[in-house]
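Presented below is the structure to which this report refers.
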2 protein chains.
Amino acid sequence: MTLTPAETLRRHGLQATAQRLAVLRAVASQPHITADDVAAVAAVEIGTISRQGVYDALNALVQRGLIRRIQPVGSPARYEDRVNDNHHHLVCRICGAVVDVDCAVGSAPCLTAKDDRGYEIDEAEVAYWGRCPECAAQGRTSSRLDPAARRRRGAPRVVATPTPS
Amino acid sequence: MTLTPAETLRRHGLQATAQRLAVLRAVASQPHITADDVAAVAAVEIGTISRQGVYDALNALVQRGLIRRIQPVGSPARYEDRVNDNHHHLVCRICGAVVDVDCAVGSAPCLTAKDDRGYEIDEAEVAYWGRCPECAAQGRTSSRLDPAARRRRGAPRVVATPTPS
DNA sequence: TCCATGAATTGGACATTGTCCAATTCATGA
DNA sequence: TCATGAATTGGACAATGTCCAATTCATGGA
Ligand SMILES: [Mn+2]
Ligand SMILES: [Mn+2]
Ligand SMILES: [Zn+2]
Ligand SMILES: [Zn+2]
């Protein structure tokens, strides 16, 4: 049988509050959502939630491994609920779009660095940088676009995620 | 024959200003340096440099591919002059230390994502997360430390870099 | 060597993202 | 239902970076 969200929270030693449940749903509602958008989505659901409440909830959930935080250069942190599947990200240098991509190497072997310098590695975070199909189609070019320029173009598009493997 | 820094700048269409040269040296002076530390190092060298001047120089250099920007979660952006060698990073979840690590796969094949979704990929950015030898030796543990906690422990240690391959 | 010109820098206001803290409210087990 | 510690709130604050208009500078050509 599958756990309710509230039960999941309690199993991780967290109280099941309306704020946390709303944050959890907000993160599930959209791939790679920002804290700001989480706040907006959650506010619609439960009427009001403080900025600090959003950050506290996100941090608590990240710490328990219930959600994952990624932080593309030039973008605020983004959160997703695809977790423990060792997937990576494609980021468009031009429009900032972020899409999921499965690990090239397999389930987890990309965890193996050539020389781990004595580190105990538990996660390999991979971001592939390049140009998305749309930007290519429109002939838009940009070498190593700086964060400011990316931001001026507006928030990165949210791109539909393929069904997780 | 090898180019002087000033010549290198001009070859990339940039005027050779005192600020840019100082920023270039600052980035070379320390692996994974922050903009703030760049400003401090450069100020010592040339007397004074504006905050905007530092950011303008860093962005111009990144755009030309003369330096690289990385941004570990929970840390301000960091800059390095090891460029075009497809190297990756080990980051300690506990103390935030960042060290270089050569690509596990070879010179560039980690550029090949399993499914590129039509992206033209030009860079694969890999961060290995884990626990550094010191933190392990001291028995310090931390599961998915949040950025705030990492910041409270002070700036990440700077760790000596092995000679680039 | 000097000048004209566009490139680069400066200072200061401002934006964004996130944290700190003390007071209050809430969820949970007894 | 209550006591208790966990969680939330609001508001100040911190860190990182950008915008903009005025000024200064680097460079190629006279
Ligand atoms: Mn993802
Ligand atoms: Mn490096
Ligand atoms: Zn694009
Ligand atoms: Zn460490």
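Numbers restart at 1 for each chain; the letters A, B, ... are given by sequence-line order, proteins then strands.
Checking the phosphate oxygens (OP1, OP2) of dC20(D), no side-chain nitrogen or oxygen of Gln52(B) falls inside 4.0 Å. At the phosphate of dT16(D), neither OP1 nor OP2 sits under 4.0 Å from any side-chain N or O atom of Thr34(B). For Asn59(A) and dT19(C), the shortest distance from a side-chain N or O to OP1 or OP2 is below 4.0 Å. For dT8(D), one of the phosphate oxygens OP1 or OP2 lies less than 4.0 angstrom from a side-chain nitrogen or oxygen of Thr17(A).
The CG atom of Leu9(B) sits 14 Å away from the C1' atom of dT27(D) (whole-angstrom rounding). As rounded to whole Å, 13 Å separates atom C1' of dC25(D) from atom CD1 of Ile46(B). Look at OH on Tyr55(A): it is 18 Å from P on dG11(D), rounded to the nearest Å. Remark: P of dA27(C) and CD of Glu7(A) are 17 Å apart, rounded to the nearest angstrom. Nucleotide dA7(D) holds its P atom 11 Å from the CD atom of Gln63(A), rounded to whole Å. Between the CD atom of Gln15(A) and the C1' atom of dT8(D) there is a distance of 11 Å, given to the nearest Å. Rounded to an integer number of Å, the gap from Leu58(A) CG to dT17(C) P is 14 Å. Spacing between atom NE2 of His12(B) and atom C1' of dA8(C) amounts to 18 Å, rounded to whole angstrom units.
Using a 4.0 Å heavy-atom criterion, one finds that Arg51(A) contacts the bases of the nucleic acid, with or without backbone contacts as well. Among the heavy atoms of the strands, none lies under 4.0 Å from Ala60(B). Among the protein residues, Ala16(B) comes within range of the sugar-phosphate backbone only, with heavy atoms under 4.0 Å from sugar or phosphate atoms but none that close to a base. As judged by a 4.0 angstrom heavy-atom cut-off over every strand, Asp36(B) is placed among residues making no nucleic acid contact.
A donor-acceptor pair under 3.5 Å is formed between the side chain of Asn59(A) and the backbone N or O of Tyr55(A). The main-chain N or O of Cys135(B) is never found under 3.5 Å from a side-chain atom of Gln138(B) such that the two would form a donor-acceptor pair. Of the possible donor and acceptor atoms, none in the side chain of Arg20(B) sits under 3.5 Å from a partner among the backbone N and O of Leu9(B).
In this structure, Val83(B) and Gly65(B) approach most closely via the heavy-atom pair CG1-O, 3.3 Å. In terms of heavy atoms, Val101(B) sits closest to Asp115(A) at CG2-O, 3.1 Å.
Out of dT10(C), dA27(C), dT9(D), the shortest distance to the side chain of Asp56(A) is found at dT9(D). The nucleotide whose nearest atom lies closest to any side-chain atom of Ser50(B) is, among dT10(C), dA7(D), dG10(D), dT10(C).
For Ala6(B) and Ile49(A), each mapped to the nucleotide of DNA chain D holding its nearest heavy atom, the one lying further toward the 5' end belongs to Ile49(A). Remark on DNA chain D: of its neighbouring residues Ala18(B) and Gln71(B), the 5'-side contact belongs to Gln71(B), judged by nearest-heavy-atom nucleotide.
dA22(D): Watson-Crick or G-U partner is dT9(C), with both key distances under 3.5 Å.
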Is there a side-chain hydrogen bond (donor to acceptor under 3.5 Å, both in side chains) between Asp102(B) and His87(B) once you walk through the steps? CA-CA 5 Å; Asp102(B) 290 330; His87(B) 81 271; over 6 Å; no

